[in-house]
Amino acid sequence: MTETTREATTVAAAMGSQLSYANKVIMAPMVRIGTLPMRLLALDYGADIVYCEELIDFKLLKCKRIENDILGTVDFTMDDGVVVFRTCAQEKDRVVFQMGTADPQRALRVAKLVEKDVAGIDINMGCPKEYSTKGGMGAALLTQPEKVRQILTTLVQGVSIPVTCKIRILPKMEDTLALVRIIENTGVAALAVHGRLKEERPRDPVHCEDIRTVTEHVKIPVIANGGSKDIINQYADIQRFCDMTGASSVMIAREAQWNPSIFCKEGKEPIGDVIKKYLKYVVDYDNHYPNTKYCVQQLMHDDLESSKGKALHASMSNKEICKVWEMGDYWREVTTKHREAKERRDAELYAVKRRRLEDGSYVCEIHIQFFKDEYRNDVTPKSVLLEYCRKMKINQPKYETEERKKDRRFKSILTIDGKKYSSSFWEKSKRLAEQCAAIVCLRTLGIPDGRKEDDVEQNHKTLGIPDGRKEDDVEQNHKTLGIPDGRKEDDVEQNHKTLGIPDGRKEDDVEQNHKTHTDTTKPLETNDRTENNENLVDNEQQESRHELEQETKS
């Protein structure tokens, strides 16, 4: 241990029970990699501290903190249900929240939001990517020492957990040292230094001597970063990089991205075993599928052309990825447990309540929100409800929507067959509010609302109304009211035994295909209300897709 390292250890000890950054091996913040499953896996393999991926202050300020009792996590979630940051008790004392910011007060608001759920706060001052620098964040802060001082001072004085930052070296060492002195004087607990210039990339050699110079001029722990591949290829190389830089601790990015067992003192594990352990955390904590696929691709970076690599490329869900590594049973067991727990919770949380309105009538109400991602593109609760109306030969539903002026949120009351339904959740648009009301109506009536379900057979045990899901057993899915849903059938004649309305399939017998209600020789025997509802179903599906896409983009 060098003299500088001893001093850094002394400073860290003075911090008491707070997270110490001295003599640590750390997983670096990495975009799309530093999500909960990978962080937990790195800790299992021996990492002392893990950083989450950089998260932008603006985005976090739009989130709500939610304790997820199903997964045992704390989620910071947007209004549309997107989880921006997820953490759990297993990492609470060792996870550092890295933030992208260019404003002291925004940074403090975010830090206060996550303060009780993480061990430390880090400010990204080294990312050279345009998405970070164009907002005055990341490496853009390297040439703004006064703003650096304001951000770090505000955080150090405003939160109860350690504050750090991560920088890159500047072209002139005197400028680097001047910035480092400003940073140390703010009271930060440690400083991470990536030994490359803003313009340099991983293919460029890391400047170990520059990191050493920094360590010789500060008393706080210095965390050396940038040694993957060129220097660090196995666990023993971590100490070598530490010795080359004189740093107190080492932060690893790419080698951990490719194989987090780099933190294991006994040596790296076969990547197949690593992936299985990673997928276990994916399933346990319901990781977002695109992120899972990306992370597994990084773990397989040298083997993507193998049979498993190609199967991974073709996969479209966590379920399919798990099957590639023979973990389908585990996926099914855990997701079933999660679903059953959610159903028990929802039965209590989303119980139907009757609320008396000013006119003396009653409305059936559930506190529920509409999430577009839970539905297929061609199915919405409103379209399913219109299908139900057509089947039951009742008038189409009517929606009355009110706007809450203070925040321009909307809530809709749906009237159908003399009864009223509504969600107590205020949505951000009229269209979404109507979808919420339709969900409440369908659930109250015991009708599936069109959500994607793993157990399709169970989801279809209703009034025989198809909801547009893909089925392996097409014949079973069509045992409804004789309403074709657009699937390809070998027996076209059987599929057209409906109300005489063709559905756009190519037919060899064109004459037969044109026997519809426009044929003046055989007029269709039906009432006007049924015809109107059929048209409404088609129009509703088209309008819903278009408007929901526009709202999602906005």
Side-chain angles (χ1 to χ4, degrees), residues 1 5 8-9 12-13 17-30 32-53 86-98 118-120 122 162 164 166 189-190 192-194 206 221-282 284-285 287 295-296 298-302:
M1 182 183 294
T5 303
T9 304
S17 60
Q18 288 189 325
L19 180 66
S20 169
Y21 292 84
N23 303 311
K24 305 296 183 185
V25 180
I26 303 168
M27 188 182 87
M30 293 176 280
R32 299 181 70 183
I33 295 295
T35 46
L36 182 58
M38 193 67 81
R39 298 198 305 265
L40 294 178
L41 188 59
L43 290 173
D44 287 348
Y45 279 123
D48 298 305
I49 301 171
V50 291
Y51 280 53
C52 74
E53 60 180 332
R86 171 171 284 166
T87 184
C88 68
Q90 185 175 336
E91 66 169 4
K92 182 177 180 180
D93 296 331
R94 294 180 289 174
V95 62
V96 175
F97 182 90
Q98 191 189 60
V118 298
D122 183 80
T164 60
K166 184 172 181 286
V193 181
H194 185 157
V206 59
V222 171
I223 306 166
N225 175 230
S228 288
K229 194 173 182 180
D230 291 345
I231 299 171
I232 300 175
N233 291 284
Q234 54 187 345
Y235 184 83
D237 296 331
I238 298 174
Q239 185 59 49
R240 185 161 71 95
F241 185 50
C242 191
D243 294 339
M244 292 172 68
T245 59
S248 171
S249 300
V250 171
M251 177 180 281
I252 304 174
R254 286 175 296 150
E255 280 296 328
Q257 170 181 299
W258 297 328
N259 190 336
S261 66
I262 184 69
F263 296 108
C264 184
K265 294 180 180 179
E266 292 75 22
K268 290 182 181 179
E269 287 190 359
I271 202 64
D273 295 342
V274 174
I275 291 175
K276 285 187 175 183
K277 291 179 179 180
Y278 169 75
L279 290 176
K280 183 178 183 299
Y281 279 129
V282 163
D284 289 348
Y285 292 103
N287 197 54
C295 288
V296 177
Q298 301 310 305
L299 293 171
M300 292 190 71
H301 72 288
D302 284 336

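Just the heavy atoms: all of them, side chains too, but no hydrogens, waters or symmetry mates, feed the values below.
Residues Val250 and Val25 fail the side-chain proximity criterion, which asks for heavy atoms closer than 4.5 Å. Residues Cys295 and Ile33 meet the side-chain proximity criterion, which asks for heavy atoms closer than 4.5 Å. Residues Ile49 and Leu19 form a side-chain contact, since some pair of their non-hydrogen atoms from C-beta on lies under 4.5 Å apart. Using a 4.5 Å cut-off on side-chain heavy atoms (C-beta onward), Trp258 and Leu299 make no contact. Put simply, the side chain of Phe263 does not reach to within 4.5 Å of the side chain of Leu43, judged on heavy atoms. Met27 has its side chain out of reach of Tyr51: every pair of non-hydrogen atoms, C-beta onward, lies at least 4.5 Å apart.
With Lys268 contributing its side chain and Asn233 its backbone, the two residues share a donor-acceptor pair below 3.5 Å. The closest donor-acceptor contact from the side chain of Asn225 to the backbone of Met251 lies under 3.5 Å. Asp230 places no side-chain N or O within 3.5 Å of a backbone atom of Gly227 that could act as its donor or acceptor partner. For the pair Arg39 (side chain) and Gly34 (backbone), a donor-acceptor distance under 3.5 Å is present. A donor-acceptor pair under 3.5 Å is formed between the side chain of Ser248 and the backbone N or O of Asn23.
In this structure, Thr35 and Glu53 approach most closely via the heavy-atom pair CG2-OE2, 3.7 Å. Looking at every heavy atom in both residues, Lys24 comes nearest to Ser249 through N-OG, 2.8 Å. Across every non-hydrogen atom of Ala253 and Ser228, the tightest pair is N-OG, 3.8 Å. Nearest approach of Val50 to Ala47, heavy atoms of both residues: CG1-CB, 4.3 Å. Closest heavy-atom contact between Thr87 and Val95: OG1-CG1, 4.1 Å. Heavy atoms only, all atoms of each residue included: Ile231 and Arg240 are closest at O-NH2, 3.0 Å.
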CA sep, side-chain torsions, deciding dist, call: Ile262, Ile232, side-chain contact (heavy atoms from CB on, under 4.5 Å): CA-CA 9 Å; Ile262 184 69; Ile232 300 175; 4.3 Å; yes

Audit row: Val274, Ser261, side-chain contact (heavy atoms from CB on, under 4.5 Å) steps and yes/no: CA-CA 7 Å; Val274 174; Ser261 66; 4.1 Å; yes

Ile275/Met300 under side-chain contact (heavy atoms from CB on, under 4.5 Å): CA gap, chis, key distance, verdict: CA-CA 9 Å; Ile275 291 175; Met300 292 190 71; 3.5 Å; yes

Candidate pair Leu36 and Asn287, rule side-chain contact (heavy atoms from CB on, under 4.5 Å), full reasoning: CA-CA 8 Å; Leu36 182 58; Asn287 197 54; 5.8 Å; no

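Listed by chain and number, the residues in a side-chain hydrogen bond (donor to acceptor under 3.5 Å, both in side chains) with Thr164 are Asp122 (sequence neighbours excluded). With sequence neighbours left out, the side chain to side chain contact (heavy atoms under 4.5 Å, CB included) criterion links Gln90 to Leu40, Asp44, Cys88, Tyr281, Tyr285.
Between the CE atom of Met38 and the CZ atom of Arg32 there is a distance of 12.0 Å, given to the nearest 0.5 Å. Here the CZ atom belonging to Arg254 is positioned 10.0 Å from the NE2 atom belonging to His301, to the nearest 0.5 angstrom.
By the 4.0 Å N-to-carboxylate-O rule, Asp284 lies close enough to Lys280 to be salt-bridged with it. A salt bridge is absent between Lys276 and Glu269; no separation between the charged side-chain nitrogens and carboxylate oxygens falls under 4.0 Å.
The ring pair (Phe, Tyr, Trp, His ring centres under 6.0 Å) pairs that include a residue from residues 228-254 number zero, where partners must be two or more places apart or lie in different chains.
No hydrogens or angles considered: nothing links the side chains of Asn259 and Glu255 as a donor-acceptor pair under 3.5 Å.
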